[in-house]
**Q** 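Can you keep this structure in mind? I'll have questions shortly.
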Amino acid sequence: MSSPETQPTQHNGKLYIETVGCQMNMLDSELVVAALRQQQLELTDDMYEADTVLFNTCSVREHAEHKIYSQLGRLKFNKRKHPQQVIGVIGCMAQKDQELIFQKAPHVDLIVGTGQLGEIPRMITEARSTRSRAIAVSLGRKGASRDEVASSFESYDRLRDPEMRPSPYQAFVRIMTGCDKFCTYCVVPMTRGPEQSRPPSHIRTEVQTLARQGVKEVTLLGQTVNSYKVTENGKLYRLSDLLAFIHDVEGIERIKFVTNFPKDMTDDLLQAVRDLPKVCRYLHVPAQSGCDEMLKRMKRGYTVDDYREMMQRIRATMPKCAVSSDFIVGFCGETEESFQKSMDLIREFRFKNSFIFKYSPRPFTKANELWEDDIPEDVKRRRNNEMLDLQNEISEEDNAEFIGTTVEVLVEGPSKNDEKGKIENTDEHKRQLVGRTTCDRIVVFEGNPRLAGSLVEVDVLDCTQTTLIGSIVTGHRTHGLQLELPVIG
Ligand code: 5AD
Ligand code: SF4
């Protein structure tokens, strides 16, 4: 959030925005704020005093939706005191629940789906002047032809707002929207619409703009990013071609991409990651389960053997490439044996880390239609904890192998633990800094905060399950910002 001093004095009111969910949502919020700032809206951290409140929502699990309804509940009484406040629910929940949100929370003014985010500035202005409610959502996936549905989900990639990014040196870039995989548990094909890839020339221009704003690392986003495929000027671009196409953008030091779909992890892509030095040796490829029956029920389109074959190709092409995964525990019909097979998969492939989720039944999905949510909550919780313990043990053992080595780190800035007052340090040039290796491992070390945005070498001295702990190599090699802002002290 920005400080009041940096804001223009003349403004059209205060905006409070809260974002839950994935990186795609973080990017959407950045773009919405950039557009609203053009209308001189100023950001505030105070939801109750804001003139406009936006919730950018997630529907992947029920819990994320409950959080939003709780926040809306808090605003209900406030709106009696502050009737001019415009409240908008935007993003996945808006697309999924549509008018239902007005029924559950009648004080909401705007409902705007993921494919209509460009409408928000106009809708806020109209809501303020007419005091009437408005809704803008895309067509349902069964409501019309695929092309008609696709064109009702407009890709929203306009202005960028550096202030909304977690770090000024890192930015997300959308390369595709939507998903056509229809895994049986997942609501995303409904909330984000059909799969559509953006033209490479648009993506390259955006990366160039970001580089001029000082961005060093771009993360390309797509629900199934490695399914990227588009023809421009008669040439077919796959993700491997796109990586090569943006690789020479000056100022960009690192390129990452998430999230990969196992079946689309082709050799050309692995070779591109191996051969293009700016592309990070890190692949997030969710397995979801280690049991063939579960994978079939999930309609993932691969077996454990297929996943194994993919892992073998990754390891053969890049022995040191880090791989991370997602797992769902307690999916409909998951027996203790099925669960143990997922545990075996983690033991076999030793993922760098895994995101583990308890199955949450979602409306409009096949699984919800066909099968009972038959695994009790306490069993889901136990499986979740057991899996987390196993993964943490593996992550720590793998991190320990880095002790005694030197790693290259892109410095993000002072660590969360080193906010003013938490760590006593009399030397302001030596703060606890945090950054990441090319294989996406978090590294903390002491250093000058001015190193943020540069690449430095760090000797690894110790580790935890999640973090490498090190000491900066003096006389290190650096790029970028350091040339403009010499390190003092
Ligand atoms: N319940 C639990 N987890 C889910 N995910 C997607 N849908 C569900 C659901 N209904 C998980 C998957 C996906 C991650 C982003 O969220 O593991 O990879
Ligand atoms: Fe959901 Fe499956 Fe698409 Fe991922 S690939 S967004 S899990 S439907």
Side-chain angles (χ1 to χ4, degrees), residues 20-26 57-66 91-93 95-96 114 141 150 153 174-197 219 221-229 239 257-265 283-291 294-302 306-307 310 323-334 339 342 345-346 351 353-375 377 379-381 383-384 387-388 391:
V20 289
C22 64
Q23 291 138 326
M24 203 62 105
N25 274 11
M26 288 166 72
T57 58
C58 171
S59 291
V60 169
R61 284 167 292 276
E62 197 181 9
H63 176 67
E65 297 188 344
H66 281 164
C92 289
M93 226 173 105
Q95 178 61 34
K96 173 180 151 278
T114 54
R141 297 236 26 188
F153 279 87
R174 193 188 335 263
I175 68 162
M176 57 196 295
T177 56
C179 180
D180 283 345
K181 303 292 185 199
F182 287 97
C183 302
T184 56
Y185 52 79
C186 184
V187 77
V188 169
M190 274 63 77
T191 60
R192 292 265 171 197
E195 180 187 304
Q196 304 185 74
S197 296
T219 301
L221 296 186
Q223 311 297 342
T224 55
V225 74
N226 56 340
S227 318
Y228 178 86
K229 199 188 265 184
L239 180 56
F257 53 92
V258 287
T259 289
N260 293 283
F261 191 70
K263 276 288 265 197
D264 295 333
M265 195 53 90
L283 299 170
H284 181 59
V285 205
Q288 309 296 2
S289 171
C291 168
M294 287 295 107
L295 288 172
K296 196 164 173 210
R297 265 197 166 197
M298 291 175 169
K299 199 170 147 297
R300 290 288 288 176
Y302 54 86
D306 294 333
Y307 194 89
M310 175 203 73
V323 180
S324 63
S325 184
D326 290 353
F327 286 91
I328 296 177
V329 295
F331 186 55
C332 319
E334 186 191 65
F339 168 67
S342 293
L345 198 85
I346 293 180
F351 298 106
N353 65 294
S354 292
F355 300 97
I356 301 161
F357 306 100
K358 292 179 288 177
Y359 172 61
S360 168
R362 303 286 54 221
F364 311 116
T365 60
K366 267 269 167 291
N368 194 46
E369 230 174 74
L370 295 177
W371 307 296
E372 191 194 339
D373 174 25
D374 57 351
I375 309 300
E377 183 56 30
V379 176
K380 285 182 185 170
R381 197 174 318 122
R383 288 181 187 170
N384 189 15
M387 192 176 267
L388 206 57
Q391 178 60 61

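This is a predicted model, so every value here is computed, not measured. In each ligand, atom 1 is the first atom listed, and ligand 1 is the first ligand listed. Note that these values count all heavy atoms, side chains included, but never hydrogens, waters or copies made by symmetry. Here, residue 1 is the first one in the sequence, and each next residue gets the next number.
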**Q** State whether the side chain of Lys380 and the backbone N or O of Tyr359 hold a donor-acceptor pair below 3.5 Å, judged by distance alone.
**A** yes
**Q** Check each protein residue for a heavy atom under 4.0 Å from ligand 1 and list those that pass, ordered by chain and number.
**A** Val60, Arg61, Tyr185, Gln288, Asp326, Ile328, Phe357, Lys358, Tyr359, Ser360, Arg362
**Q** Under a 3.5 Å distance rule, please check whether Asn25 uses its side chain to pair with a backbone N or O of Thr57 as donor and acceptor.
**A** yes
**Q** Would Lys181 and Asp264 satisfy salt bridge (Lys or Arg N to Asp or Glu O under 4.0 Å), going step by step from the backbone distance to the final call?
**A** CA-CA 11 Å; Lys181 303 292 185 199; Asp264 295 333; 2.9 Å; yes
**Q** Check the orientation of Tyr302 and Tyr307. Use parallel for under 30°, tilted for 30 to 60°, and perpendicular for over 60°.
**A**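 Tyr302 and Tyr307: tilted rings.
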**Q** Nearest 0.5 Å, please: how far is CD in Glu334 from CG in Asp374?
**A**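 Those atoms lie 9.5 Å apart.
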**Q** Is the closest side-chain donor-acceptor distance between Glu65 and Ser59 under 3.5 Å?
**A**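 Yes, because at least one side-chain N or O of Glu65 sits under 3.5 Å from a partner of the opposite role on Ser59.
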**Q** Has Arg192 got any heavy atom lying under 4.0 angstrom from an atom of ligand 2?
**A** no
**Q** So, do Trp371 and Thr184 sit near enough that their side-chain heavy atoms are less than 4.5 Å apart?
**A** yes
**Q** Determine the minimum heavy-atom distance between Arg362 and Val60, stating which atoms define it.
**A**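 So the minimum-distance heavy-atom pair works out to CD-O, 3.0 Å.
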**Q** In terms of atom number and element, which parts of ligand 2 are under 4.0 angstrom from non-hydrogen atoms of Thr224?
**A** 5 (S)
**Q** Report the residues that fulfil side-chain contact (heavy atoms from CB on, under 4.5 Å) with Thr114, sequence neighbours left out, ordered by chain and then residue number.
**A** Cys92, Phe153, Arg192
**Q** Pull up every protein N/O/S atom sitting under 2.8 Å from atom 1 (Fe) of ligand 2, skipping waters.
**A**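 Only Cys186 SG fall inside 2.8 Å of atom 1 (Fe) of ligand 2.
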**Q** Which option wins on minimum heavy-atom distance to atom 4 (Fe) of ligand 2: Gln288, Lys263, Arg300?
**A**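 Considering heavy atoms of Gln288, Lys263, Arg300, the nearest to atom 4 (Fe) of ligand 2 sits in Arg300.
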**Q** Apply side-chain contact (heavy atoms from CB on, under 4.5 Å) to Ser342 and list each qualifying residue two or more places apart in sequence or on a separate chain.
**A** Ser289, Phe327, Met387
**Q** Do Asn260 and Val225 touch side chain to side chain, with heavy atoms closer than 4.5 Å?
**A** yes
